[in-house]
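Order of appearance sets the numbers: ligands from 1, and atoms from 1 within every ligand.
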Amino acid sequence: MQQIFLIRFNEIFLKSSGVAKNFLKILKTNIYYGLKANNIKGHINTTNSRIYLSKFDIQDVSKIQDVLKNIFGIESFSLAYQLETIDQEKIFDFVKQNYSKYILSSNTFKIKAKCINTPYHTKDIEIKLADIFDAKVDLTNPEKTIYIEARNKTTFVFTEIISGLSGLPVGSAGKNLVLISGGIDSPLASFLTLKRGCYNIYLHFHSFPYVSKTSINKVKEILQIIKKYQNDIKLYLFPFAEIQKYIKANTEAKYRIVLYRRSMMRIASILAKELKCKAVTTGEALAQVSSQTLDNMSVIDDALSILTLRPLVGFNKNEIINLAKQIGTLDISNEPQEDTCTLFTPKHPNASTCLRDIKKIENEINIEEFEVKLIDKIETINI
Ligand code: ATP
Ligand code: MG
């Protein structure tokens, strides 16, 4: 008897048929590479309503479940037995043989059937199958459920529907450059953009050799976790210390945070365009720190020349912490690090800078020329 994974998607149905077809192709590819990365073999078959995964080694079932749980675009999935018949008697025999120990007389249970193109009705098979068991039926809150799906010439029998992450397949929305810092916020911002189908590329500004490599190593570790949700990950490392030193040597302390951030944003915009990204994403949340007041965010935003996504803008810190825990990045983010800016950070940054003043300073110190010279020093790492 063949066992098969039934993989369901949902939001893809909202798209026109051409778009849906493309999304499905991407989802299939992502499942293929997700399995391959875990040395799992199997055959993936796509239809308009489902994806089927078959011909896998039965010992790999729990590994497969772990992979499917983390693939965006999958609404839910079930491990089912596939019967090459819709004959009622054969289905009854199969259920009797295989599930008599699954539903005990002390359990409450329900049979949930779906019949398409069969000579009998859903209700017939539900009532007749329920008669097999010497246990109490509970249609609203059963302890055990057996699902029967009979259509055309095939019947699937299963007991569990496991939720997926839903969202849209990674890569279906286009490329996006994520500014990742090693803190709590940016990994979550990354997760949320992956969920909406972005193919993320990552950029980290580091201050090595003026500080240790801790932030770089943390970002790499965080991306190892994010790799559960995105098959291949590229990280760009920008040596930012020279710029920080230059700004520190030439400007008043109270402006520096905003100047650093604007510099990061200009560099990110250049790299994003070079890499054909449609957007830059940050982990900024409104009013979280002094650089994230509405005043300062608008001054920082002025330095970006590309669409900017800030998926955390409406989240409280506690909500961010809880979600970061769920996606698995919180513990690494919480490890201590000399923040890239700590060495260069003033004690009392200005919470409300004026764009005109900032632009005047930038012109005086010719910062953009300085930045462009460093672009060639970016390193690339495959995670
Ligand atoms: P996080 O937890 O992501 O570090 P944060 O609350 O510490 O966020 P900031 O340090 O003000 O916030 O940074 C805001 C956003 O700017 C970050 O979420 C990230 O997207 C980006 N950013 C900050 N520092 C860096 C860095 N060194 N490299 C890349 N991006 C950065
Ligand atoms: Mg930070």
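In terms of polar-atom proximity, Phe205 is counted as a contact of ligand 1, with an N or O under 3.5 Å from an N or O of the ligand. Considering backbone and side-chain N/O atoms, Met265 never comes within less than 3.5 Å of an N/O atom of ligand 1. Note: no N/O pair closer than 3.5 Å links Pro187 and ligand 1 by distance alone. Polar contact check, Thr281 against ligand 1: no nitrogen or oxygen pair lies under 3.5 Å apart.
Those atoms of ligand 1 that come under 4.0 Å of a heavy atom in Leu203, given as number and element, are 29 (C). Taking every non-hydrogen atom of Thr282 and a distance limit under 4.0 Å, the qualifying atoms of ligand 1 come out as 20 (O).
Counting heavy atoms of neighbouring residues, nucleotides and ligands inside a 6.0 Å radius, atom CG of Leu294 does not exceed 12 of them.
No part of Val178 comes within 4.0 Å of ligand 1, judged by heavy-atom distances. Contacts between His206 and ligand 1 below 4.0 angstrom, taking non-hydrogen atoms only, are absent altogether.
When the heavy-atom distances from atom 29 (C) of ligand 1 to Ile180, Ile216, Ile257 are ranked, the shortest goes to Ile180.
Side-chain atoms of Ser78 and Glu160 include no donor-acceptor pair closer than 3.5 Å. No hydrogens or angles considered: nothing links the side chains of Thr159 and Tyr147 as a donor-acceptor pair under 3.5 Å.
Tracing side-chain contacts under 4.5 Å through hydrophobic residues (I, L, V, M, F, W, Y), one reaches Phe240 starting from Met265; they form part of the same cluster. Residue Ile111 is grouped with residue Tyr120 when hydrophobic side chains (ILVMFWY) are merged at heavy-atom distances under 4.5 angstrom, including chains of intermediate members.
Remark: Glu149 engages Arg50 in a salt bridge, criterion side-chain N to carboxylate O under 4.0 Å.
Listed for the Ser333 side chain is a donor-acceptor partner under 3.5 Å among the backbone atoms of Gly183.
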